[in-house]
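This report refers to the structure that appears directly beneath it.
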Amino acid sequence: AAAKHGVEDALLQDIFISVKTSEKFHGSRLKIIIDTWFDLVPEQTYFFSDATDEKLQERTKGHVINTGCGKEHTRTDLTCKMAAEYDMFVSSSEKWWCHFDDDNYVNVKQLNVLLKEFNPEENVYIGKPSMSRQISTLYSDENVKFSFATGGAGMCISRSLAMKMSPWCRRGSLLETSDKLRFPDDCTIGFVITNRLGVNLTHSPLFHSHLEPLSRIPSDDLKKQVTLSYQTSSSGSNIINFKHWKLFNSSFDPTRLYSFHCSRYPTTHFCT
Ligand code: UDP
Ligand code: MN
């Protein structure tokens with residue numbers, strides 16, 4: 001197929017990429033995404049936020065969705081956004097749904113390489129669990145166990161599986177499922193897939209959230225990863241240890257992701 005965007009990998013055109021965000025991060029976290037990997041997959045990627053933003057809407061050609069969800073870091077507000085992501089994927093015609101947080105750097109070429117190994121007509125749920133054991137809890141008054149892929153590291157779901165999730169997820173019902181489970185959105189997705197549907201999570205070591213020490217990924221292995229992340233706070237930060245591309249100082253590039261992106265795509269405008 002002819003490439004409809006920057007990266008000429010046929011499969012990427014079959015992926016619906018949703019990024020959860022919030023108005024308070026439009027100028028900071030979203031700026032990093034828009035400056036870097038967004039331009040490789042601009043037609044595939046949608047931002048699920050909680051406000052309208054004309055400048056961003058123009059820059060992304062209308063790819064910012066104001067979900068109307070609340071603006072807080074609460075289970076309800078975050079699940080409301082994930083439900084909107086799910087619903088938009090279902091009404092799209094893409095073969096894969098990949099969800100990311102707005103503090104993820106997505107190495108889109110590697111995402112393509114990974115998904116090529118799988119068939120979207122089979123039940124595929126892929127990501128990285130943050131816990132080694134299953135979670136045991138109550139769903140209403142039923143004892144249940146489930147596994148889940150950490151939302152903050154990113155995860156992908158095949159169309160075939162996403163369609164089967166619909167009784168617990170479609171048209172906002174993900175929120176009701178999450179209310180009965182009393183766990184966050186990524187856990188609820190994992191519950192629906194691994195418990196209700198009995199489909200296993202395919203573990204990938206290539207997804208990374210800031211729950212893990214990111215500096216432990218060897219510098220030369222960073223390019224093989226599907227996602228990276230960061231946490232920069234005054235009390236200490238968790239960022240990748242990228243040894244190459246020393247052009248940018250840490251005030252311009254505190255996450256090291258501009259540097260990493262430039263090493264992969266050196267012709268990007270800000271790299272020279
Ligand atoms: N987020 C949001 N509303 C909020 C806070 C966070 O939609 O009020 C989103 C944020 O944009 C990110 C995800 O939820 O995609 C996780 O938030 P964050 O990284 O701040 O927290 P974490 O759960 O990773 O500690
Ligand atoms: Mn985060």
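Read the numbers this way: they start at 1 and go in the same order the structure lists the ligands and their atoms. Please read these numbers as outputs of a predicted model, since none were measured by experiment.
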Just which atoms of ligand 1 are under 4.0 Å from any heavy atom in [X]?
X: Asp103; value: 19 (O)
X: Glu72; value: 3 (N), 4 (C), 8 (O)
X: Lys81; value: 2 (C), 3 (N), 7 (O)
X: Ser22; value: 2 (C), 3 (N), 7 (O), 11 (O)

_What I want to know is whether Lys24 and ligand 1 share at least one N or O pair that is separated by under 3.5 angstrom._
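N/O-N/O distance below 3.5 Å exists for this pair.
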_Check: Asp50 N/O within less than 3.5 Å of ligand 1 N/O_ =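 No, since none of the N or O atoms of Asp50 sits under 3.5 Å from an N or O of ligand 1.
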_Asp103 backbone or side-chain N/O/S under 2.8 Å from the Mn ion (ligand 2)_ =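 For Asp103, the answer is yes, given that an N, O or S atom comes within less than 2.8 Å of the Mn ion (ligand 2).
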*asked:* Below 30° counts as parallel, above 60° as perpendicular, anything between as tilted: where do the rings of Trp97 and His99 land?
replied: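 Correct class here is perpendicular.
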*Verify salt bridge (charged side-chain N to carboxylate O under 4.0 Å, His left out) between Glu23 and Arg29, making sure each step is shown before the conclusion.*
CA-CA 10 Å; Glu23 184 174 28; Arg29 297 178 181 195; over 6 Å; no
What protein heavy atom sits nearest [atom], and how far away is it?
atom: atom 15 (O) of ligand 1; result: Lys20 O, 2.7 Å
atom: atom 25 (O) of ligand 1; result: His210 CE1, 3.8 Å
atom: atom 23 (O) of ligand 1; result: His73 NE2, 3.2 Å
atom: atom 20 (O) of ligand 1; result: Arg29 NH2, 3.0 Å
atom: atom 16 (C) of ligand 1; result: Asp101 OD2, 3.4 Å

Are [X] and [Y] close enough that their ring centres sit under 6.0 Å apart?
X: Phe146; Y: Tyr139; result: no
X: Phe38; Y: Phe47; result: yes
X: Phe16; Y: Tyr46; result: yes

_Contact check, Asp77 vs ligand 1, heavy-atom distance below 4.0 Å_ =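 No heavy atom of Asp77 comes that close to ligand 1.
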*At the 4.0 Å heavy-atom cut-off, does Gln231 count as touching ligand 1?*
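No heavy atom of Gln231 comes that close to ligand 1.
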*Cationic tip of Arg159 within the cone over Phe89's six-membered ring, i.e. under 6.0 Å and within 45° of the normal?*
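Yes, cation above the ring, under 6.0 Å and within 45°.
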*Lys/Arg cation over aromatic Phe260: Arg256, 6.0 Å, 45° cone*: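 Here Arg256 fails the 6.0 Å and 45° test against Phe260.
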*For atom 11 (O) of ligand 1, which of Asp102, Val19, Asp185, Leu78 has the closest heavy atom?*
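Among Asp102, Val19, Asp185, Leu78, the closest heavy atom to atom 11 (O) of ligand 1 belongs to Asp102.
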*Going through the distances and angles, do Thr232 and Ser237 end up as a side-chain hydrogen bond (donor to acceptor under 3.5 Å, both in side chains)?*
CA-CA 4 Å; Thr232 49; Ser237 58; over 6 Å; no
*Hey, are the side chains of Ile239 and Leu214 touching, using non-hydrogen atoms and a 4.5 Å cut-off?*
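The answer is no; the side chains never approach within 4.5 Å.
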_Please find the pair of heavy atoms, one from Leu247 and one from Cys271, that lie closest to each other, and give the distance._
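Looks like CD1-O, 4.0 Å.
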